[in-house]
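First the structure, in the form of structure tokens, and then the observations on it.
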Amino acid sequence: MNIIKSTKVLFLYKFMQRYASSQALATDLKSIVGNDNVATSTAVREQHSHDESYHPGHKPDVVVFAQSTDHVSKIVKYCASKRVPVIPFGTGTGVEGGVTAPQGGVCLDLSRMDKVLSINAEDFDCTVQAGVTRNALNTYIRDTGLQFPIDPGANASLGGMCATSASGTMAVRYGTMRENVMNLEVVLADGSIIKTAGLKGRSRKTSSGYNLTNLFVGQEGTLGIITEATLKLHAIPEAVLAAVAPFKDLQGAVNATVAIMQSGLPVARIEFLDENMVDACNRFSKLNLDIAPTLFLEFHGSNSNIEAQGQIAEETCKSYECLQFAFATDVDKRAELWKARHNAWYAAQALKPGSKGYSTDVCVPISALSGIVTFAKDELKRLNLLGPIVGHVGDGNFHVFVIVDPTNPKEIELVHQYSMALAKEALRVSGTVTGEHGIGVGKKKLLIDEFGAAGINTMKAIKQALDPMNILNPGKVL
Ligand SMILES: Cc1cc2c(cc1C)N(C[C@H](O)[C@H](O)[C@H](O)COP(=O)(O)OP(=O)(O)OC[C@H]1O[C@@H](n3cnc4c(N)ncnc43)[C@H](O)[C@@H]1O)c1[nH]c(=O)[nH]c(=O)c1N2
Ligand SMILES: CC(=O)C(=O)O
Ligand SMILES: [Mn+2]
């Protein structure tokens, strides 16, 4: 009885201590960035404790809404002086638990840094604050004839997209964030501010010094806080043509993709959905597609060459026994198709109310795609898991959205087994465990398998050099 009582007292004492220290933290932060930019309510902390994945959330002690690079620098400097963790937060649409705060600390929300700072239409580039979302940027530049085509399904922040090295359906044509970030402004762990490609740099190429830009793309907030990004823009194509091609079987759809890619056709989008994913999208997005392994395709070009592109793709798909090849030229039809594709994640989860999704994200050389998609499907069957498959197959990248009851430890264990087996298969065929979602908390063990001890030690040395007190998003990536 006494033991129970003293455990309760100890718990209460620790709770009070933590509460007092987070109140003191909030008071200090308010004096730096003003009362309106600091939140301590349970609701706001809860909202910032998790992303869109099944990974368990942990609340930060305080949420700070930065309004400027100067705010970020001062907050990080303060946190360094107190050794308090800082967890950057864009829009919280990540899927690897990157924004959770397992050690508490300060969640630094960048959504109020939402200004487009410059558009250089003649140079095809722009500079934005980290909190600008991809949709906001595209709306802002609509009249210039330019677009920013990197499109994770969610309306993510561009800072978050840089931090995770995001891509999406159009990476096959326009590249990922790695190819489209020209310069970054980053606040380091001691509060100092750097530009990764020169103080004013926005040249198309550079051989100047180490490639700091690509060090900070994909670092998931563990090496620095991205406050501004200079990005490449692309011309909106004169003509766009989309198509939907259901196939008799999965192998036909995947082999047609490989043939299209190997033919050098400059396809703008080529997305695979297995029959379960098509079924889920039909239900969720009120489509009426044949339930079969299917390719969604899109071509970008001029009025004079767009039909020829479509025709080559049609002939290729027919040679792999597609059941039909239906063009969608109408703007609304195309928009409906891609909206449904972008909502595939939610469509999959809606198959089992109350469930969450676990997304695998392997990416392999295109010649290995067919084998590993078959492996993915067979393993689902063997472990008796529900997992619609969808993928940016032109890049050799696909996701199995394994549907999991987050309160069922046995199911979670099975999902882990599945994801490990698939990732190891990807490594066996010279691929990567994550093509676009990042490591977060979910794929840390796999990073070791991918890089080996010497590779991981090199990453640890970089982390140690840039963040010796381990205050930046601790517990993620490494
Ligand atoms: C429906 C749907 C569909 C998709 C996706 C999600 C969802 C919900 N995603 C995943 C997600 O949208 C993608 O990872 C985004 O880049 C995350 O951007 P957020 O702004 O939401 O970052 P979020 O706030 O989730 O943070 C992600 C990580 O980056 C860090 N971070 C955020 N802002 C930072 C900053 N300014 N400086 C430093 N670190 C920062 C965080 O600490 C965290 O570790 C995706 N992804 C993809 O690549 N391709 C896809 O096809 C899709 N599709
Ligand atoms: C979630 C994701 O990456 C996708 O829908 O492609
Ligand atoms: Mn994706």
Side-chain angles (χ1 to χ4, degrees), residues 69 73 116-130 132 134 137 141 146-150 158-168 170-190 192-235 264 266 363 365-366 395-397 430-432 434-436 438-439 447 450-452 454-468 472 477-478:
T69 301
S73 168
V116 176
L117 299 171
S118 66
I119 303 289
N120 301 298
E122 66 282 18
D123 296 326
F124 286 52
D125 71 52
C126 67
T127 299
V128 297
Q129 286 189 311
V132 175
R134 67 175 187 86
L137 174 61
I141 61 178
L146 300 174
Q147 59 168 335
F148 183 70
I150 318 305
L158 290 158
M161 287 171 61
C162 292
T164 56
S165 186
S167 49
M170 286 200 262
V172 65
R173 173 69 178 265
Y174 299 99
T176 71
M177 289 305 282
R178 287 209 186 276
E179 290 81 35
N180 283 282
V181 178
M182 302 168 79
N183 202 346
L184 293 172
E185 181 184 78
V186 180
V187 173
L188 300 179
D190 62 358
S192 58
I193 303 165
I194 62 161
K195 291 275 193 168
T196 59
L199 294 173
K200 294 172 66 175
R202 53 183 186 86
S203 55
R204 285 271 143 175
K205 48 190 259 194
T206 171
S207 292
S208 191
Y210 296 146
N211 189 338
L212 295 181
T213 304
N214 256 325
L215 179 62
F216 286 93
V217 172
Q219 45 96 14
E220 301 181 47
T222 63
L223 298 180
I225 317 286
I226 297 163
T227 45
E228 288 179 18
T230 299
L231 305 167
K232 290 183 188 170
L233 298 174
H234 299 262
C363 184
I366 194 88
D395 295 322
N397 183 203
S430 308
T432 173
T434 171
E436 55 178 23
I439 296 294
L447 191 69
E450 184 159 341
F451 283 86
I456 291 291
N457 287 340
T458 307
M459 291 190 198
K460 284 186 174 162
I462 293 170
K463 172 75 174 169
Q464 173 67 24
L466 289 179
D467 181 18
L472 295 180
V477 182
L478 290 175

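What's counted below: heavy atoms across the whole structure, side chains too, no hydrogens, waters or symmetry copies.
- Judged by distance alone, the side chain of Asn120 and the main-chain N or O of Asp123 form no donor-acceptor pair under 3.5 Å.
- Judged purely by atom type and a 3.5 angstrom limit, Glu228 has no side-chain atom pairing as donor or acceptor with the backbone of Thr127.
- Between the side chain of Lys460 and the backbone N or O of Leu478, no donor-acceptor pair lies under 3.5 Å.
- Lys463 places a side-chain heavy atom less than 4.5 Å from the side chain of Thr222.
- Side-chain contact between Ile462 and Met459 is absent, with no heavy-atom pair separated by less than 4.5 Å.
- For the residue pair Ala130 and Ile226, the shortest heavy atom distance occurs at CB-O, 3.1 Å.
- With rounding to the nearest 0.5 angstrom, the CD1 atom of Ile456 is 9.0 Å from the CD atom of Glu450.
- Residue Thr432 holds its OG1 atom at 6.5 Å from CZ of Phe451, rounded to the nearest 0.5 Å.
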- [ ] Apply side-chain contact (heavy atoms from CB on, under 4.5 Å) to the pair Leu472 and Ile225, showing each step before the final yes or no.
- [x] CA-CA 8 Å; Leu472 295 180; Ile225 317 286; 4.1 Å; yes

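- By the side-chain contact (heavy atoms from CB on, under 4.5 Å) test, Ser73 pairs with Lys77, Val187, Ile193, sequence neighbours left out.
- Contact between Gly396 and Ile366 at its shortest, heavy atoms only, is N-CD1, 4.2 Å.
- Under the 3.5 Å distance criterion, the side-chain polar atoms of Ser192 are left unmatched by any main-chain donor or acceptor of Leu188.
- Taking all atoms of both residues into account, the shortest heavy-atom contact from Ser203 to Met182 is O-CE, 3.7 Å.
- Nearest heavy-atom pair across Cys162 and Ala229 is SG-CB, 4.0 Å.
- Using modelled atom types, no side-chain atom of Arg178 and backbone atom of Ser165 make a donor-acceptor pair closer than 3.5 Å.
- Taking 4.5 Å as the limit, every side-chain heavy atom of Gln219 sits out of range of all side-chain heavy atoms of Val477.
- Between Phe124 and Arg204, the closest side-chain pair of non-hydrogen atoms falls below 4.5 Å.
- In this structure, the side chains of Val181 and Phe216 stay at 4.5 Å or more apart for every pair of heavy atoms.
- The CG atom of Asp467 lies 8.5 Å from the CD atom of Gln464; values are rounded to the nearest 0.5 Å.
- In this structure, the side chains of Val128 and Leu117 stay at 4.5 Å or more apart for every pair of heavy atoms.
- When side chains are defined from C-beta on, Lys200 does not count as touching Lys195, because their heavy atoms never get closer than 4.5 Å.
- Thr227 contributes a side-chain N or O that, together with a main-chain N or O of Glu185, makes up a donor-acceptor pair within less than 3.5 Å.
- A donor-acceptor distance shorter than 3.5 angstrom exists from the side chain of Asn183 to the backbone of Gly201, with no hydrogens or angles considered.
- Residues Gly224 and Val186 approach most closely at CA-CG1, 3.7 Å, considering heavy atoms.
- Heavy atoms only, all atoms of each residue included: Asn397 and Cys363 are closest at CB-SG, 3.8 Å.
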Task: side-chain contact (heavy atoms from CB on, under 4.5 Å) evaluation trace for Cys126 with Leu137 - done: CA-CA 9 Å; Cys126 67; Leu137 174 61; 4.0 Å; yes

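- The CG atom of Asn214 lies 9.0 Å from the CG atom of Leu184; values are rounded to the nearest 0.5 Å.
- Side-chain N/O atoms of Ser167 and Thr176 include no donor and acceptor closer than 3.5 Å.
- Once rounded to the nearest 0.5 Å, the distance linking OG1 of Thr164 with CD of Glu436 reads 8.5 Å.
- At a threshold of 4.5 Å between non-hydrogen side-chain atoms, the residues Leu231 and Phe148 count as touching.
- Considering CE of Met170 and CD1 of Ile150, their distance stands at 8.0 Å, rounded to 0.5 Å.
- Side chain of Asn180 to main chain of Tyr174: a donor-acceptor pair is present (N/O by atom type, distance under 3.5 Å, no hydrogens or angles).
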